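To keep things clear, I will list the structure first and then write my remarks on it.
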Amino acid sequence: MAMAQQPLKIALIYGKTGPLEAYARQTEAGFMLGLEYATQGKLEVGGRKIQVILKDDQLKPDVAKAALEQAYGDDKVDIAVGTTSSAAALAMLPVAEEYKKILLVEPAVADQITGDKWNRYIFRTARNSTQDALAGAVTLKDENIHIATLAQDYAFGRDGIASLKEALAAVGSKARIVHEEYAPQQTTDFTAPAQRIFDALKDKPGRKIIAVVWAGAHPLPKLMDLKPERFGIEVAPGGNILPVMAGWKQFAGLEGAIYYYWGFPKNPVNDWLVAEYKKRNAGAPPDFFVAGGMSAALAVVEAVKKAKSTDSEKLIAAMEGMSFDTPKGRMTFRKEDHQALQVMYHWKMKANPPDNVDLLDLVREIPAGEMKLPIRVKR
């Protein structure tokens, strides 16, 4: 019986220092709420108290790797969850394999995580770049469209554009990418990249769209300042966190695809999350990564209950093909690559948003089955 009293230890590793701090804080808030919801407030599973150990990797791959080694080795955690940056997450994958322990990836999105860098100890509740791209492609598939892309010049940005190209082909889109522009992560002046994009698009027939893949402070307002509409060019920014999208309010009719927006899902988990989060955060609704953090916690609790153990082999057996409830509805860990299959949402900016959080109208929910997600792992 002594074993039953051992705490269930979970490491949450995230990039709380640096430009993605808001993402990390949201993940933590959602994760803690998810544990609360999944255990009816008891914070225990199978008689074991849940203990969460937080580690800040500062978005640095070497720090993330060391943090995970410490979590598995010194802290003796049963399961680890993380991290914010895709580059940091990629550095952590071999550590999970070395220690033969589960790493649940949230919210990093690079395709390689459940692609060529994957191993069997890796599961992911976060969406991947291709899911983003497929959802975006579904919103761009109906007509003659010419696209120029703008992305950050690192793994996330290049992955995102590669995924978009593949996704357009996968959904049978007639859209064509005619120009790719990659800018350093810290870019603040978009005049030169925008000029190259405008030159590539302005004489093209049909709809002309700039597809943006960007993390952190978003270039959309600066792009709009350069007046792309004078060439009949639209911008498709993808979804983002609420403070970023609040800066887009003046662009009524802007459209894109998004992973989560608090007003869209209609299910008991999201109802609880929205009500509870607002209660604790002065009326502010939960954002993008809050939902992700909660989904990760719900997956962990469901897996431990189903496996009746924290033994890695039993967890893997329980989690492969496992469906679980999240604020977005049911997610399922695909057996082949442990990627969570999930819905996405096609949104449109409201004509006159009343405030900085009630921003989007739902065009439609895009079911997981409509996004034909390729399996990229070699098993």
Side-chain angles (χ1 to χ4, degrees), residues 86 109-116 124-151 155-182 197 200-201 204-214 220 232-240 253-261 264-265 288 328-337 339-349 360-377:
S86 287
V109 299
D111 278 331
Q112 293 172 294
I113 293 166
T114 41
D116 62 349
R124 171 156 57 183
T125 43
R127 86 287 184 203
N128 65 25
S129 290
T130 296
Q131 282 167 308
D132 273 349
L134 286 166
V138 166
T139 70
L140 295 173
K141 77 179 210 187
D142 299 324
E143 49 199 304
N144 179 22
I145 300 174
H146 290 89
I147 299 171
T149 62
L150 173 64
F156 168 76
R158 290 192 173 267
D159 239 29
I161 300 309
S163 301
L164 177 61
K165 285 181 179 164
E166 207 174 286
L168 288 167
V171 301
S173 174
K174 297 184 191 73
R176 287 197 295 286
I177 293 180
V178 296
H179 180 80
E180 293 172 43
E181 191 69 45
Y182 296 96
I197 287 170
L201 284 177
K204 297 284 185 278
R207 280 180 77 195
K208 301 181 271 281
I209 293 175
I210 304 172
V212 185
V213 173
W214 207 270
L220 178 76
I233 296 170
E234 307 165 53
V235 182
N240 216 298
L254 200 64
E255 280 185 59
I258 196 167
Y259 160 81
Y260 172 84
Y261 171 74
F264 291 168
F288 216 81
K328 295 176 64 176
R330 298 285 276 176
M331 287 188 191
T332 302
F333 285 127
R334 184 162 65 177
K335 192 168 184 179
E336 291 83 353
D337 60 1
Q339 174 62 52
L341 304 180
Q342 54 196 282
V343 303
M344 301 287 264
Y345 307 94
H346 179 181
W347 58 270
K348 194 169 203 163
M349 184 63 68
L360 307 183
D361 284 325
L362 178 63
V363 178
R364 74 180 186 104
E365 187 174 290
I366 305 166
E370 203 174 304
M371 295 171 278
K372 300 283 180 257
L373 191 65
I375 295 163
R376 302 177 194 276
V377 304

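Note that this is a predicted model, so its numbers are computed, not measured.
No side-chain donor-acceptor contact under 3.5 Å links K328 to the backbone of Q342. A donor-acceptor distance shorter than 3.5 angstrom exists from the side chain of S173 to the backbone of A175, with no hydrogens or angles considered.
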Query raised in the report: Run the side-chain contact (heavy atoms from CB on, under 4.5 Å) check on V138 and H346 step by step: do they pass?
Result: CA-CA 9 Å; V138 166; H346 179 181; over 6 Å; no
Requested in this report: Please step through side-chain contact (heavy atoms from CB on, under 4.5 Å) for the pair W214 and L150, ending with a clear verdict.
Outcome: CA-CA 8 Å; W214 207 270; L150 173 64; 4.1 Å; yes
Requested in this report: With side-chain contact (heavy atoms from CB on, under 4.5 Å) as the test, would you mind laying out the steps for V363 and D361 before giving the verdict?
Outcome: CA-CA 6 Å; V363 178; D361 284 325; over 6 Å; no
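By the side chain to side chain donor-acceptor pair (under 3.5 Å) test, R330 is found to be paired with D325, residues two or more places apart in sequence or in another chain being considered. Every residue two or more places apart in sequence or in another chain that forms a ring-ring contact (aromatic ring centres under 6.0 Å, His included) with F264 is listed here: Y261, Y345. Remark: Y260 engages no residue in a ring-ring contact (aromatic ring centres under 6.0 Å, His included) (not counting sequence neighbours).
Atom CD1 of I210 sits about 6.5 Å away from atom CG of L201, to the nearest 0.5 Å. Distance CG/L341 to CE/M331: 10.0 Å, rounded to 0.5 Å. The distance from the CG atom of L168 to the CG atom of L134 is 9.0 Å, given to the nearest 0.5 Å. Taken to the nearest 0.5 Å, the CZ atom of R127 stands 13.0 Å off from the CG atom of L373. Between atom OG1 of residue T139 and atom CD of residue E255 there is a gap of 7.0 Å, rounded to the nearest 0.5 Å.
In this model, a donor atom of one side chain and an acceptor atom of the other lie less than 3.5 Å apart for T130 and R376. In summary, the side chains of D132 and S163 do not present any donor paired with an acceptor at a separation below 3.5 Å, with no hydrogens or angles considered. For Q339 and R124, the side-chain atoms include at least one donor-acceptor pair closer than 3.5 Å. With hydrogens and angles left out, the side-chain atoms of H146 and R176 include a donor and acceptor closer than 3.5 Å.
Checked for salt-bridge contact, R364 and E370 meet the test: a charged N lies under 4.0 Å from a carboxylate O. Classification of K208 and E234 as a salt-bridged pair fails, no side-chain N sitting under 4.0 Å from a carboxylate O.
In this structure the side chain of N128 never reaches within 4.5 angstrom of the side chain of I113, judged on heavy atoms. At least one side-chain heavy atom of M344 sits under 4.5 Å from a side-chain heavy atom of M371. Side chains of R158 and Y182 form a contact here, defined as non-hydrogen atoms less than 4.5 Å apart. In this structure the side chain of T114 never reaches within 4.5 angstrom of the side chain of I375, judged on heavy atoms. Considering only heavy atoms from C-beta on, L220 stays 4.5 Å or farther from V212 through its side chain. When side chains are defined from C-beta on, V213 does not count as touching T149, because their heavy atoms never get closer than 4.5 Å. The shortest side-chain heavy-atom distance between N144 and K174 does not fall under the 4.5 Å cut-off. Put simply, the side chain of V109 does not reach to within 4.5 Å of the side chain of Q131, judged on heavy atoms.
Nearest heavy-atom pair across A200 and H179 is CB-CB, 3.5 Å. Looking at every heavy atom in both residues, I145 comes nearest to L140 through CD1-O, 3.2 Å. Minimum interatomic distance between A110 and S86 (heavy atoms only, all atoms of both residues): N-OG, 3.0 Å. The heavy-atom pair separating I161 from A151 by the smallest distance is CG1-CB, 3.7 Å. Nearest heavy atoms, F288 versus G239: CE1-C, 4.2 Å. In this structure, I209 and A236 approach most closely via the heavy-atom pair CG2-CB, 3.7 Å.
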